[in-house]
Amino acid sequence: MPSVRFQWRCGYKLQHGKQKIVEGPHSTLPEDEFFDAVETGLEKIEEDMQLRFKLRLQSQISQTLVNVPHEAVAEGEEAREEFGTGAEAKSHALWPEIDRVCKEQLHYAREGVGQDGNGWQIFADEGEIKMYKREEEVNGMVMDPLKAYHSVKGVTAREMCHYFFMPEFRNDWETTLEDCTILEKISADTLLFLQTHKRIWPASQRDAQFWSHMRKINDGLEPDTRDMWVVCNNSTDYAKQESKNGKCVRIFLTVILACQTYLPEDYVKGQPLSRDDLTCKVTYCSVVNPGGWAPASALRAVYKREYPKFLKRFTGYVIDQCKDKPIMF
């Protein structure tokens, strides 16, 4: 019998007898084959995305559009002093939750992983990228907290957060994204999303409803930090929106991307800056409840494979987008 990987590549759906293989605790698909199928699905999505991105780069129209965001920053809402303060979102019903969760997640991001028996285990160590997890399960579902550290050259904290927050760029770096809908624009720095992900067989299709807030941090900065920005995403039932196709399993997530800009030690304030002078230190923390059911060992194997790829892909994308543009603080 051909392997699961081969059958997926050929576009077939496996059936054991008359029973279709579906996600669930009674699935007839062994855990190793479940992982193999999901891994192959992710590889195919990534290949398609790379091809699509190359084709878009060949288009002069797309090249022009890529330059719009930085021009918009100079003239639009993101240039206003209120951006990144939450000032325009404070009258919204969600603001107390947004402010509280952002502060909690910033505190969490600033905590080290240490060696004090707090359960953090390193699972990826690739150059500047260090990734840690704590193995936790809730009602049998894997909900491992993740904490990742990275350091990249040539971009600022604001640029990194800008491309993470703004929905118009998400399809460029989030490979599994099928659709991203802004349910409500709470303010320029705070949005409510419904995000649908592509189905990766044999897992069910997933979606997430969450608010996203981008904020400039002015307190507790390290002495040599030029500036700090964060983006915090958190699931919410506010104005609950049903899945677009009525079949998605809902993901529940809490994520923070915390970024700090550093300049050379010998930099003198007022001197011209080039991108060679910039270092951005990135901390990424997440807790994700994938909903539904999937084998714990397969989920952890997928996370171990995908999280480092995601962080490298995203930061590489930001570097590429910013390299020929004015520096944005």
Side-chain angles (χ1 to χ4, degrees), residues 69-70 73 78-79 83-86 98-99 101-113 124 126-132 145-170 172-174 188-191 210-234 253-264 267 273-287 307-323 325-329:
H70 276 258
V73 168
E78 204 176 336
F83 186 88
T85 67
I98 293 170
D99 191 44
V101 172
C102 285
K103 288 175 179 176
E104 289 173 354
Q105 290 302 304
L106 176 60
H107 175 77
Y108 181 59
R110 283 171 161 168
E111 285 184 340
V113 290
E126 303 178 15
E128 294 290 342
I129 295 179
K130 305 285 188 295
M131 289 196 164
Y132 300 82
L146 170 84
K147 182 172 285 191
Y149 300 98
H150 195 15
S151 179
V152 295
K153 298 285 189 179
V155 296
T156 67
R158 183 167 185 175
E159 289 168 333
M160 195 68 72
C161 288
H162 169 79
Y163 284 97
F164 190 76
F165 174 74
M166 293 298 182
E168 58 263 38
F169 306 116
R170 209 161 289 171
D172 292 343
W173 56 264
E174 188 150 5
D189 57 20
T190 311
L191 303 172
F210 61 95
W211 52 255
S212 184
H213 176 58
M214 182 169 164
R215 175 178 293 191
K216 185 175 184 180
I217 305 301
N218 296 309
D219 61 304
L221 301 184
E222 297 175 7
D224 51 347
T225 303
R226 167 61 172 77
D227 64 357
M228 183 175 189
W229 287 81
V230 304
V231 177
C232 188
N233 299 340
N234 190 64
L253 56 87
T254 303
V255 171
I256 186 168
L257 178 77
C259 302
Q260 301 171 83
T261 309
Y262 290 85
L263 302 178
Y267 172 73
L273 280 171
S274 73
R275 291 205 170 271
D276 292 337
D277 297 320
L278 305 175
T279 299
C280 181
K281 292 189 178 180
V282 178
T283 303
Y284 177 85
C285 305
S286 70
V287 179
Y307 271 122
K309 288 177 67 176
F310 148 71
L311 197 55
K312 284 189 283 189
R313 180 173 59 246
F314 170 67
T315 54
Y317 168 77
V318 176
I319 291 169
D320 189 58
Q321 293 300 302
C322 294
K323 61 185 179 183
K325 295 177 180 147
I327 296 171
M328 177 170 62
F329 285 106

What's the separation between atom CE in M160 and atom NE2 in H162, rounded to the nearest 0.5 Å? 12.5 Å

Can D277 and Y267 be counted as having a side-chain donor-acceptor contact under 3.5 angstrom? no

For the pair F169 and Y163, name the ring-plane relationship: parallel under 30°, tilted 30 to 60°, perpendicular over 60°. tilted

With E104 via salt bridge (Lys or Arg N to Asp or Glu O under 4.0 Å) - residues at least two apart: R100

Please test L257 against F165 for side-chain contact (heavy atoms from CB on, under 4.5 Å), starting from the C-alpha separation and ending with a verdict. CA-CA 10 Å; L257 178 77; F165 174 74; over 6 Å; no

Roughly how far, to the nearest 0.5 Å, is CD1 of I319 from SG of C280? 9.0 Å

Should K216 and F83 count as side-chain neighbours, where that means a heavy-atom distance under 4.5 Å? no

Does the side chain of C102 come within less than 4.5 Å of V230's, by heavy atoms? no

Quick one: closest heavy-atom pair of D189 and G84, and the distance? OD2-N, 2.9 Å

Would you mind telling me which of K323, K325, R275 makes a salt bridge (charged side-chain N to carboxylate O under 4.0 Å, His left out) with E159? R275

Applying side-chain contact (heavy atoms from CB on, under 4.5 Å) to K103 and not counting sequence neighbours gives D99, R215

Is a side-chain N or O of T156 found less than 3.5 angstrom from the main chain of M328, in a donor-acceptor match? yes

Quick one: list whatever passes salt bridge (Lys or Arg N to Asp or Glu O under 4.0 Å) with E128, sequence neighbours left out. none

Under the criterion side chain to side chain contact (heavy atoms under 4.5 Å, CB included), which of V152, D172, V155 is the partner of V318? V155

Set out, in order, the CA-CA distance, both residues' side-chain angles and the distance that settles side-chain contact (heavy atoms from CB on, under 4.5 Å) for L263 and L278, then state yes or no. CA-CA 6 Å; L263 302 178; L278 305 175; 3.8 Å; yes

Does M228 offer a backbone N or O that forms a donor-acceptor pair with the side chain of R158 under 3.5 Å? no

Under the ring-ring contact (aromatic ring centres under 6.0 Å, His included) criterion, do Y284 and F314 qualify, and how do the steps go? CA-CA 12 Å; Y284 177 85; F314 170 67; 8.6 Å; no

Looking at CG of L273 and CD1 of I327, how far apart are the two atoms once the value is rounded to the nearest 0.5 Å? 5.5 Å

Salt bridge (Lys or Arg N to Asp or Glu O under 4.0 Å) partners for K281, two or more places apart: none

By side-chain contact (heavy atoms from CB on, under 4.5 Å), T225 pairs with (sequence neighbours left out) L221, E222, Q260, Y262

So W173 and F164, would you call those rings parallel, tilted or perpendicular, with 30° and 60° as cut-offs? parallel

Testing T190, N234, N233 one by one against S212 for a side chain to side chain donor-acceptor pair (under 3.5 Å), which residue passes? N233

For the CZ atom of R313 and the OG1 atom of T315, what is their distance to the nearest 0.5 Å? 10.0 Å

Can you name the nearest heavy-atom pair linking K147 to G112, along with the distance? NZ-O, 4.4 Å

Pairing of K312 and E126 as salt bridge, 4.0 angstrom limit: yes

Residues in side-chain contact (heavy atoms from CB on, under 4.5 Å) contact with A109, at least two apart in sequence or another chain: I256, A258, T283, C285

Is T261 reaching over with its side chain to a backbone N or O of A157, donor-acceptor style, under 3.5 angstrom? yes

Heavy-atom nearest pair, M131 first then A148, reads CG-CB, 3.6 Å

Taking C-beta and beyond as the side chain, do P145 and Y132 meet within less than 4.5 Å on heavy atoms? no

